[in-house]
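Below is one structure, written out as structure tokens; comments come after it.
Numbers restart at 1 for each chain; the letters A, B, ... are given by sequence-line order, proteins then strands.
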Amino acid sequence: MDSSNTCSIARGPARTALEFSAFGGPRPDFIAVSWPTAPGGVIRDELQRPELLHFAPDRWLAPGPTAQVSALLRAAADTGAGVLVDATGKWVELLIAGPGAARLLASAIAVEAVLDRRGCAAVTLFDCPAILARQNDDFVLWVQASYAADFIATAERFRAMLRSGA
Amino acid sequence: MTRIACPFCGPRELREFEFHKTLPTPGAQGAFARTYERVADPALSVEHWQHVAGCRAWLLVHRNPSTGVVFAVELAGEVMP
Amino acid sequence: MSAGPERHGTRLRPGPLSFIFDGRRYTGQAGDTAASALLASGVRLLGRSVKYRRARGLFSAGFEEPNALLTVGVRPSVIPNVPASQLVLSEGMVLRSQNRWPTLGFDLASLLQAGGGFFGAGFYYKTFIWPSWRTYEPLVRHLAGLGEAPRACQLPPVAIEHLHCDVLIAGAGPAGLAAARAAARAGARVVLCESEPACGGELEFEPGMIEGRSAAAWVAMTLAELATLGARVLVSTTVVTDDSGEFIAHAEPGGLPGRNTVYHIRPHAMVMAAGAIERPIVFCNNDRPGVMLLGAAERYLARYGAQVGQEAVLFANHDRVYAAAQRLLAGGLRVRAIVDTRAADAPGTDSEVQRLRESLVRSGVECLSAHAVIGAEGGRAVRAARIAPLAGAGARTGRRISCDTILVSGGWSPALNAGLHGSDARRFAPAVGAFVAGSQTDWRRYAGSANGHFDLAAVLQDGHGAGARAAAHAGARGSAGAHPQGSGDAPPRLAPFARSPATGPAEKRQFIDLQNDVTVADLRTALAEGFIDIEHVKRYTTLGIGTEQGRSSTVVGGAILAELKGETLAAVGTSRSRPPYHPVTMQSIAGFHVGAAVKVARRTPLHDWHATHGGMLEPMGLWMRPRYYLASGANPFDAAVAEARRVRAHGGIADGSTLGKLEIAGPDAAAFLDFLYLSKASTIRVGRSKYMVNLREDGCVLDDGLVLRLAHDRFIATTSSGHGTHMLAHFEYYRATDWAGHRVSVTDVTEAWAAIVVAGPHSRAALSQVLGAPWQGRLSQLAHMDFADGQFGGQDLRVLRASFSGELAVELHCRPAMAVPLWEALICAGLEPYGLEALDILRLEKGYLVSSELNGQTTPLDLGMESLVRQGNPCLGRELLDRPAFHEASRPRLVGLRAADGRAQFLAGAQLTTEAAPAQPCGYVTSSAYSPTLGEWLGLALVARDCVSERALLTARDPLRGSDTPVRVVSAVHFDPSSERMKT
């Protein structure tokens with residue numbers, strides 16, 4: 001058994017999720033200092049967990065937003081720059097941790113290339129739509145809920161294969 | 001050697017994108033012309049694609065249909081034909 | 001059978017292992033391939049050819065092996081067609097030869113050899129015709145084919161790795177290693193793939209000095225340096241396909257499908273250093289066991305310490321044969337003669353080669369010039385070589401030299417097909433006698449023998465240069481350093497020679513493609529019958545279409561074809577090859593799509609509840625949905641009828657979570673929806689929903705659904721389950737293009753809301769019971785098509801009064817976490833679940849439409865939506881809806897159908913004809929179901945307008961299922977036409 005290829009897949013708690021959708025075109029300067037504007041930009045908390053992810057043009061995901069982040073989003077919506085949508089239940093959060101995490105994800109996608117110079121990326125892993133981000137040395141991802149069971153089953157199969165030294 | 005550089009996600013494999021349609025010729029008048037009439041230029045095709053396996057953005061793609069070489073990829077809304 | 005004393009070789013490790021071949025036990029050593037262990041055990045007969053069932057032995061030491069294909073394993077999980085030369089043995093492995101019955105030694109079908117004349121080129125177009133192919137089919141199926149397919153497969157799924165790198169190098173021979181080192185030193189991230197289990201290529205057996213070291217030491221040192229520079233070296237890995245610049249490399253350790261890995265590698269630049277493959281010279285009976293490639297003997301000796309025979313005659317057309325002969329002699333093989341097709345003392349003879357020749361002659365080797373081996377003698381094995389001068393006395397008959405091995409080399413053909421692009425430029429190089437790479441691009445270069453270099457010094461320099469250029473193209477800024485200096489065997493100085501002279505009948509036994517039994521006579525036949533292009537010849541004669549894809553036969557075949565046509569090989573060319581370069585298992589192609597993951601399955605929040613409560617889940621598109629529940633009935637028909645009956649009589653609940661839901665919001669949301677729907681959304685009151693239809697830009701109906709107005713600037717648009725992703729893309733498209741710059745957003749909330757349909761007379765009471773006091777008043781005041789937002793269990797709940805069943809009904813939209821508790825509460829309140837089949841019966845009774853009717857070819861006018869069209873909303877598709885073609889009398893019209901006798905069954909798909917034109921369909925049945933409510937079969941159909949009138953009599957013709965049913969046209973709304981039940 002090669003320990004450099006081990007990792008764990010843990011399901012995060014079910015939390016409220018908000019999606020902010022900005023209107024296209026020039027927008028008033030609602031952007032607070034900490035708002036991630038670069039494609040793939042991410043704001044993190046003190047434990048490096050992503051709080052706000054810019055995963056698509058004009059779209060941000062706030063998984064389990066704190067009061068502070070919620071206030072930020074609501075303020076942005078109030079300026080008329082966009083719309084806040086409650087997407088609770090749409091995403092299932094998974095943490096892929098351990099030295100083998102990158103190799104596990106590489107079974108689905110060229111993970112280093114996709115996260116090159118960005119904190120998060122919208123991807124399709126094993127045919128499942130997901131948003132992928134780094135979290136310290138690990139990876140956190142949000143899979144669309146209806147795909148979660150299938151994704152976990154396939155990921156577990158590869159995890160077992162890698163652990164046994166394929 | 002073809003990847004498509006999604007303006008948002010960066011370069012991604014071709015299979016992540018889906019062709020939708022070629023744009024109407026500029027100046028096309030009427031719904032019939034806009035929907036059905038196209039001028040086939042072997043050197044340049046202006047098309048709408050979607051990054052379906054990524055950010056789902058709609059893209060304006062300038063492509064050489066004879067060689068498959070992609071000249072330019074932009075977000076669709078930014079430049080209205 | 002024991003293998004004798006322990007052998008030594010570069011691939012061997014100490015330690016015996018035993019294996020079984022054709023039922024007999026043999027002993028080999030750790031590291032042996034099946035080929036080397038059998039050779040060492042003196043086994044020479046390893047298979048039979050596919051057509052004539054001629055005895056065959058090993059031909060090569062690589063995956064160009066055409067003869068020795070073995071079946072590995074025990075039935076039913078056998079793996080066929082594994083080249084013995086590639087198969088690394090493991091303890092207890094069970095092997096069987098192929099294409100023989102009952103045994104390899106005595107094969108009944110080899111009697112077909114006597115009828116050799118019947119199986120020439122294109123025989124399958126000319127034979128087995130009278131009285132019919134069926135007469136011969138069972139026999140041919142039994143005899144034909146290569147190997148046996150397994151009845152069960154226990155191969156594990158493949159591992160997969162996606163990776164990017166700067167430079168990908170295919171081939172770790174001297175050129176590839178030099179390229180890898182140059183690129184890595186320049187700072188590029190390098191991936192080096194090598195098909196063999198060990199690196200070095202011909203340096204494994206050809207001695208040479210590189211940078212002051214022995215070749216073997218240089219290889220080891222270079223690999224060590226590559227490791228420290230961070231390069232990845234993948235052995236037993238072959239680059240097999242190129243998918244738009246992403247290369248698929250296939251790793252099959254041990255040469256046997258099992259723990260395979262599929263690599264998806266995207267490099268910035270690539271170097272193809274795949275070397276060259278030795279080609280034979282063709283002569284009469286050159287397929288006998290014992291005729292082998294010269295390089296194969298060297299490889300078996302160096303890698304496995306195995307002798308290919310006792311006494312050998314060498315036959316070649318180049319200088320390298322002398323160095324090879326000396327090495328083989330030193331290794332213990334008795335070389336009786338070297339037959340060189342070139343004249344002695346040809347201009348430019350290397351002095352080193354001269355000295356070698358003289359030394360060999362002194363050792364007792366007969367060195368002949370301007371001679372050829374014209375035939376091999378012996379049946380099951382070579383017993384002698386017949387040798388003749390190319391001109392002059394004795395050219396016809398020649399003389400006999402007894403031997404048990406004939407080692408042949410006609411030169412080496414660069415493995416350009418490894419480049420994976422049939423359209424890559426190539427040019428004929430006379431000095432090589434084959435094709436080399438032509439013009440190349442910066443991002444994909446060839447190196448080494450692919451460019452026509454065969455001496456070690458040139459190969460190293462060429463490889464180094466290619467690697468440095470590739471690294472530079474990939475943006476590496478370091479220095480590749482100086483190229484390695486080295487020297488090895490003298491250059492070949494080859495004189496092209498494809499086949500020995502032969503008389504007409506002898507040409508029938510001059511084999512060009514050993515695997516498919518294609519002879520020189522077959523080429524002549526093909527030419528005579530008009531197949532003159534190499535591509536046609538290939539297909540007509542089956543030249544080069546076997547598992548080794550013509551690696552050792554294509555160039556020789558092209559050269560002989562050129563000779564027969566009186567042209568040059570350059571003009572004739574070779575047939576185009578296609579990926580994969582190397583056989584890959586279906587398992588590798590499947591990747592992660594195996595077992596349950598063959599197709600991704602989407603699940604609703606109620607999925608597990610359905611699974612544990614007898615819900616028969618089936619894939620509908622990507623979603624898993626319950627078709628019916630076992631408690632309702634043992635088969636789908638009875639269950640669905642019982643469930644539908646129960647809903648109308650009492651009530652029921654259904655999982656509607658797959659319904660697409662899009663949240664459209666912003667100041668321009670209402671206008672945006674007005675654009676996308678046939679009727680206006682802006683007129684919907686807050687708190688109300690409306691049935692709406694989407695048109696495509698050409699005027700056809702795309703989808704239908706409800707639009708709910710949550711606020712002045714916020715809506716939920718529902719879409720049908722089957723069209724969910726498509727409609728999301730449709731909305732996103734117009735938002736991003738025509739409506740760019742407007743203040744509207746589209747967000748997919750399909751999965752943020754579970755949906756439960758609560759329908760039937762008892763539904764309101766059950767709902768009140770479950771939702772409790774806070775909801776009582778609101779429920780009773782909820783008008784048809786209204787909705788109310790509130791809470792249940794601390795989470796959002798939306799109650800929408802809408803009905804797809806025609807019963808009093810609501811849709812409950814709740815957060816996924818509340819789906820199961822809410823569902824179970826409704827069950828406790830006395831409602832039972834119903835599935836998709838029942839849902840379909842109920843909606844059909846009401847004439848509601850699904851994708852069978854909304855098939856992308858129907859307009860709203862066809863579907864009876866005139867009132868919506870008359871509203872005149874200038875929406876997408878409205879203009880083209882007015883086109884004359886959509887108003888013609890031949891346009892279909894949606895109608896209902898019932899059996900004329902009130903009893904008979906008719907099914908969706910049946911074609912409808914009128915009495916006046918019984919052979920001409922005027923429409924077809926789009927949906928049908930047995931209605932428990934009305935006690936008969938009902939249907940919906942699309943029928944040409946000019947054929948349809950109320951009560952018209954049509955015939956539903958179903959030739960596929962064998963029935964003709966008279967049916968009567970009725971209103972599409974079969975049940976409760978005024979919709980009283982759902983509007984109370």
(request) Name the member of A/Thr154, A/Asp150, A/Val83, A/Leu105 that forms the most heavy-atom pairs with chain C at distances under 4.5 Å. (result) A/Asp150

(request) Identify which of A/Gly82, A/Ala153, A/Ala17, A/Gly89 forms the greatest number of heavy-atom pairs closer than 4.5 Å to chain C. (result)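 Maximum pair count with chain C is reached by A/Gly89.
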
To check you understand the geometry: which heavy-atom pair defines the closest contact between [X] and [Y], and what is its length?
X	Y	answer
A/Pro50	A/Pro63	O-CG, 4.1 Å
A/Ser107	A/Leu162	OG-CD1, 4.3 Å
A/Ala145	C/Glu751	N-OE1, 3.0 Å
C/Val600	A/Phe126	CG2-O, 4.3 Å
C/Val167	C/Ala474	CG2-CB, 4.4 Å

Check each atom of [X] against the heavy atoms of chain A and say whether the ones under 4.5 Å are side chain, backbone, both or neither.
X	result
C/Trp623	side chain
C/Arg603	both
C/Thr747	both
C/Pro253	neither
C/Leu622	side chain
C/His607	neither
C/Val262	neither

Verify, without hydrogens or angle tests, whether [X] (side chain) and [Y] (backbone) share a donor-acceptor contact under 3.5 angstrom.
X	Y	answer
A/Asp45	A/Leu47	yes
A/His54	A/Arg59	yes
C/Trp739	C/Ala671	no

(request) Output the residues of residues 660-667 of chain C for which the shortest heavy-atom distance to chain A is under 4.5 Å, in residue-number order; output 'none' if no such residue exists. (result) C/Glu663, C/Ala665, C/Gly666, C/Pro667

(request) Apply the test salt bridge (charged side-chain N to carboxylate O under 4.0 Å, His left out) to residues C/Arg798 and C/Asp789: give CA-CA distance (whole Å), side-chain angles for both, the deciding distance (0.1 Å), then the verdict. (result) CA-CA 4 Å; C/Arg798 177 167 293 140; C/Asp789 284 341; 2.7 Å; yes

Under 4.5 Å from any heavy atom of chain C - which part of [X]:
X	answer
A/Phe158	side chain
A/Thr88	both
A/Ala14	neither
A/Ala148	neither

(message) What I want to find out is whether A/Arg134 reaches A/Glu112 closely enough, with some N-O distance under 4.0 Å, to be called a salt bridge.
(response)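 Yes, charged N to carboxylate O under 4.0 Å.
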
(request) Using a strict cut-off of less than 4.0 Å between a Lys/Arg side-chain nitrogen and an Asp/Glu carboxylate oxygen, indicate whether C/Arg735 and C/Glu732 qualify as a salt bridge. (result) no

(message) Just so I understand: if I count every heavy-atom pair under 4.5 Å between each of C/Asp796, C/Thr604, C/Ile160, C/Val158 and chain A, which residue has the most?
(response)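 So the answer, after comparing C/Asp796, C/Thr604, C/Ile160, C/Val158, is C/Ile160.
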
(message) I need the residue from C/Val746, C/Leu163, C/Thr658, C/Asp713 with the largest number of non-hydrogen atom pairs under 4.5 Å to chain A.
(response)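 Answer, by heavy-atom pair count under 4.5 Å with chain A: C/Val746.
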
(request) Kindly compute the distance separating CZ (C/Arg602) from OG1 (C/Thr750), expressed to the nearest 0.5 Å. (result)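 Reported to 0.5 Å precision, the distance equals 7.0 Å.
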
(message) I'd like to know whether A/Lys90 forms a salt bridge (charged side-chain N to carboxylate O under 4.0 Å, His left out) with C/Asp748, so could you lay out the CA-CA distance, the side-chain angles of the two residues, the decisive distance to 0.1 Å, and finally the verdict.
(response) CA-CA 9 Å; A/Lys90 177 175 171 183; C/Asp748 182 12; 5.0 Å; no

